[in-house]
Asks: 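The structure follows.
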Amino acid sequence: MADEPDVIVVGAGLAGLVATHELVKAGRKVLIVEQENRANLGGQAFWSLGGLLFVDSPEQRRLGIKDSYELALHDWFSSAGFDRDDEDHWARKWAEAYVRFAAGEKRRYLHDLGLRVTPMVGWAERGGGAADGHGNSVPRFHLTWGTGPEVVRVFAEPVLDGERRGLVSFAFRHRVDELLVEDGAAVGVRGTVLEPSDADRGKASSRTAVGEFELRAKAVVVTSGGIGHNHDLVRRNWPAERLGPCPETMIPGVPAYVDGRMIGITEDAGGRIVNRDRMWHYTEGLHNWDPIWPDHAIRIIPGPSSMWFDATGKRLAPPNFPGFDTNASLKAILSTGYDYSWFVLDQTIIEKEFMLSGSEQNPDLTGKDLRRVLRERGGKGAIPPVEAFKRHGVDFVVADTLGELVDGMNKLSRGPQLDLATIEEQIVARDLQVENRYAKDFQVMAVANARRYLGDKVSRVAKPHRILDPAHGPLIAVRLNILTRKTLGGVQTTLDSQVVRADGTPFPGLYAAGEVAGFGGGGVHGYNALEGTFLGGCIFSGRAAGRALARNLP
């Protein structure tokens with residue numbers, strides 16, 4: 001780009017692409033500055049399952065799901081638990097605006113770009129069992145046909161077309177170290193040129209410096225992501241008083257470049273950082289037997305039937321069932337003094353209920369191969385990626401008898417040795433509850449409720465049965481680790497995605513979108529996410545930044 005751009009976007013992830021797309025539509029010139037190479041266009045969104053929260057969608061209505069803006073907003077605020085008048089000021093406004101977007105324009109906006117979703121709607125974060133507590137009252141998790149790569153594609157293509165037309169340019173392997181501020185306004189970026197890299201998407205790249213740069217524009221948009229792979233920052237911000245002691249063992253569910261550097265850099269420039277202690281980490285993390293990035297971890301997205309035991313062999317108490325209340329389960333696990341837990345299940349349950357996060361773990365959906373979807377997900381056995389983890393994953397134990405299973409679990413233990421009799425007693429007690437249609441076991445009741453929903457009954461929740469019945473074997477145990485993923489706090493922003501300064505006033509020329517801004521406002525989720533809201537938050541906040549700048553720049 002020969003002349004100075006209108007806007008510099010820091011980060012080529014989803015939020016950055018969305019902001020750039022909106023600016024290109026308005027004929028603005030954009031320079032995208034990115035520390036990785038071109039192969040990483042779209043950032044970590046590319047590796048996602050592509051889940052999107054919609055409210056009262058055609059897909060929901062076809063499945064008999066009655067949803068509404070009012071119900072979704074109540075669920076959001078009940079889950080968020082906003083309790084900080086100052087830090088949550090903009091987050092509350094973002095929550096109202098985002099749920100309105102999800103109940104209205106969001107689906108059409110994405111549909112017009114060419115994005116489609118599958119007909120089955122998932123029921124994620126089912127909640128803690130109270131009408132006024134955390135969780136989704138109804139299924140809202142819409143899976144993109146094509147998963148994360150498709151979400152990236154629909155925005156990357158118009159941005160790359162803008163590059164061909166001279167409206168967009170890229171500065172890859174340029175790491176921003178400082179925001180330039182003059183007369184109180186952001187006017188550019190300064191940083192380090194990193195040596196060229198031909199590393200494949202997601203692979204860790206060199207940080208060897210080969211030069212320096214300074215770039216200027218009328219405004220800067222920071223879209224650099226969160227802190228998920230920077231475990232030093234995770235530990236520094238960990239809310240021990242709320243969730244318990246920080247895990248000693250954590251495995252990263254995001255690539256190595258998700259380092260959180262730009263949060264501190266934005267703060268140094270005068271931007272306000274809020275809700276640092278709010279984060280979203282998963283309890284169902286697996287060590288990847290075939291990793292892409294360093295310490296690459298995968299999350300199980302479970303159905304509700306697996307029995308869940310803590311490290312001492314005690315079954316987790318309600319509402320700590322698989323897929324119900326992430327933070328409550330995390331707290332319960334850490335309260336034992338250990339940082340792992342166990343699923344115990346059988347072959348029937350794994351075939352119906354195990355799904356793995358990540359576009360690369362779902363090649364049928366990612367490749368938009370309907371025949372393969374029907375063959376692999378409708379046939380005998382678990383889907384191939386799940387079976388591969390069962391065979392090769394270091395966290396899996398498979399056995400024909402419970403005694404052999406517990407022996408295998410004890411070999412994997414990072415804490416106390418499990419007692420066979422104690423485990424058997426709890427499984428037998430649970431199995432007695434599935435002998436008839438009535439039960440006092442809350443998990444068995446929750447499974448029955450889930451199967452009232454057609455989508456779960458058909459494709460997601462196994463028919464209740466005795467786990468110790470050999471006809472459903474073999475038995476399976478899975479060691480579950482804490483997997484780091486999302487930053488729920490961050491740079492505070494107005495509804496235009498304009499950064500807020502330490503004194504509460506808008507920061508001229510400086511905007512932030514995506515995870516670096518807590519997906520909007522410095523923490524639109526509050527303490528808890530409803531799922532399917534992270535990609536959507538990147539889209540909504542990136543869109544707000546792009547449209548505001550397109551409208552307001554001279």
Side-chain angles (χ1 to χ4, degrees), residues 126 129 283-284 286 300-325 328-329 332-333 335-336 338 340-354 381-382 386-387 389-390 393 395-451 456 460-481:
R126 300 169 192 239
T283 55
E284 312 97 340
L286 304 174
I300 299 168
I301 304 175
S305 300
S306 297
M307 293 190 72
W308 203 345
F309 296 90
D310 67 25
T312 72
K314 182 180 179 181
R315 187 182 180 191
L316 295 190
N320 299 305
F321 311 136
F324 274 65
D325 191 331
S329 298
I333 291 165
S335 72
T336 66
Y338 303 98
Y340 67 99
S341 59
W342 298 96
F343 278 170
V344 172
L345 59 150
D346 56 31
Q347 183 65 25
T348 296
I349 292 173
I350 201 172
E351 289 181 6
K352 189 93 168 187
E353 298 196 5
F354 267 37
V386 171
E387 283 292 343
F389 264 87
K390 193 182 84 173
D395 297 298
F396 281 75
V397 181
V398 182
D400 291 324
T401 69
L402 186 60
E404 293 170 331
L405 190 78
V406 173
D407 284 345
M409 294 165 72
N410 281 331
K411 291 176 183 177
L412 293 183
S413 172
R414 295 197 298 266
Q417 294 290 286
L418 302 172
D419 177 66
L420 170 60
T422 301
I423 297 293
E424 184 174 28
E425 181 181 10
Q426 294 172 94
I427 297 176
V428 169
R430 177 265 180 203
D431 280 359
L432 287 171
Q433 295 291 306
V434 299
E435 294 294 312
N436 57 61
R437 61 186 296 184
Y438 308 106
K440 67 179 181 180
D441 185 281
F442 279 128
Q443 184 174 10
V444 173
M445 294 163 66
V447 168
N449 185 58
R451 284 177 59 84
D456 275 352
R460 199 71 177 102
V461 181
K463 184 177 180 180
H465 60 274
R466 290 185 294 113
I467 288 176
L468 294 181
D469 183 348
H472 295 277
L475 294 169
I476 301 163
V478 189
R479 182 182 61 184
L480 305 174
N481 309 276

Asks: Could you pull out all residues at least two apart from Gln347 that satisfy side-chain contact (heavy atoms from CB on, under 4.5 Å)?
Replies: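 If we apply the side-chain contact (heavy atoms from CB on, under 4.5 Å) test to Gln347, skipping adjacent residues, the hits are Ile350, Glu351, Glu387, Lys390, Pro474, Ile476.
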Asks: Could I get the full list of side chain to side chain donor-acceptor pair (under 3.5 Å) partners for Thr312, not counting sequence neighbours?
Replies: Asp310
Asks: Would a distance-only check, ignoring hydrogens and angles, find a side-chain to backbone donor-acceptor pair under 3.5 Å from Ser335 to Ala332?
Replies: yes
Asks: Where is the tightest heavy-atom contact between Gly323 and Pro302, given as atom of each residue plus distance?
Replies: N-CG, 3.9 Å
Asks: For Arg479, check salt bridge (Lys or Arg N to Asp or Glu O under 4.0 Å) against everything at least two apart and list the hits.
Replies: Asp395
Asks: Could you give the distance from NZ (Lys314) to CD (Gln426), rounded to the nearest 0.5 Å?
Replies: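 Reported value, rounded in 0.5 Å steps: 8.5 Å.
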Asks: In chain order, what residues pass the ring-ring contact (aromatic ring centres under 6.0 Å, His included) check against Phe321, with sequence neighbours excluded?
Replies: Phe324
Asks: Just grab all the side-chain hydrogen bond (donor to acceptor under 3.5 Å, both in side chains) pairs involving residues 432-448, residues at least two apart or on different chains.
Replies: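 Pairs touching residues 432-448 that pass the test: Arg315-Asp441, Arg315-Gln443, Glu435-Arg466.
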Asks: Test Ser413 against every option in Tyr338, Trp342, Tyr340 by the side-chain hydrogen bond (donor to acceptor under 3.5 Å, both in side chains) rule and name the one that passes.
Replies: Tyr340
Asks: What I'd like to find out is whether the side chain of Phe354 reaches to under 4.5 Å of the side chain of Leu345, using heavy atoms alone.
Replies: yes
Asks: Testing the basics here: between Val461 and Ala450, what is the closest heavy-atom pair and its distance to 0.1 Å?
Replies: CG2-CB, 4.0 Å
Asks: How many angstroms lie between CZ in Phe343 and CD1 in Ile349, if you round to the nearest 0.5 Å?
Replies: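 With rounding to 0.5 Å, CZ (Phe343) is 10.5 Å from CD1 (Ile349).
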Asks: Got a sec, which residues hit side chain to side chain donor-acceptor pair (under 3.5 Å) with Arg126, two or more places apart in sequence or on another chain?
Replies: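 Partners of Arg126 under the side chain to side chain donor-acceptor pair (under 3.5 Å) test: Asp456.
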Asks: Going by the rule side chain to side chain donor-acceptor pair (under 3.5 Å), which residues pair with Thr336 if we only count those two or more places apart in sequence or in a different chain?
Replies: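 In terms of side chain to side chain donor-acceptor pair (under 3.5 Å), with neighbours along the sequence ignored, Thr336 is linked to no residue.
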Asks: Tell me which pairs pass salt bridge (charged side-chain N to carboxylate O under 4.0 Å, His left out) where either residue lies in residues 405-429, with sequence neighbours left out.
Replies: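 Of all non-adjacent pairs touching residues 405-429, those that pass salt bridge (charged side-chain N to carboxylate O under 4.0 Å, His left out) are Asp339-Arg414.
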Asks: Hey, could you give me the CZ/CE distance between Phe396 and Met409, rounded to the nearest 0.5 Å?
Replies: 12.5 Å
Asks: Taking only residues two or more places apart in sequence or in another chain, which ones pass side-chain contact (heavy atoms from CB on, under 4.5 Å) with Ile427?
Replies: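 Partners of Ile427 by the side-chain contact (heavy atoms from CB on, under 4.5 Å) criterion, ordered by chain and then number, come out as Met307, Phe309, Val344, Leu402, Ile423, Asp431, Ile467, Leu468.
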Asks: Which pair of heavy atoms, one from Pro416 and one from Ala311, lies closest together, and at what distance?
Replies: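 Shortest heavy-atom separation between Pro416 and Ala311 comes out as CG-O, 3.4 Å.
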Asks: Tell me the salt bridge (charged side-chain N to carboxylate O under 4.0 Å, His left out) pairs involving residues 397-406, sequence neighbours left out?
Replies: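 Found none.
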Asks: Got a sec, which residues hit side-chain contact (heavy atoms from CB on, under 4.5 Å) with Ser341, two or more places apart in sequence or on another chain?
Replies: Trp308, Ile333, Leu480
Asks: So, does Glu353 use its side chain to make a donor-acceptor pair with the main chain of Ser305 at under 3.5 Å?
Replies: yes
Asks: Tell me every residue that passes side-chain contact (heavy atoms from CB on, under 4.5 Å) with Lys352, counting only those two or more places apart in sequence or in another chain.
Replies: Ala462
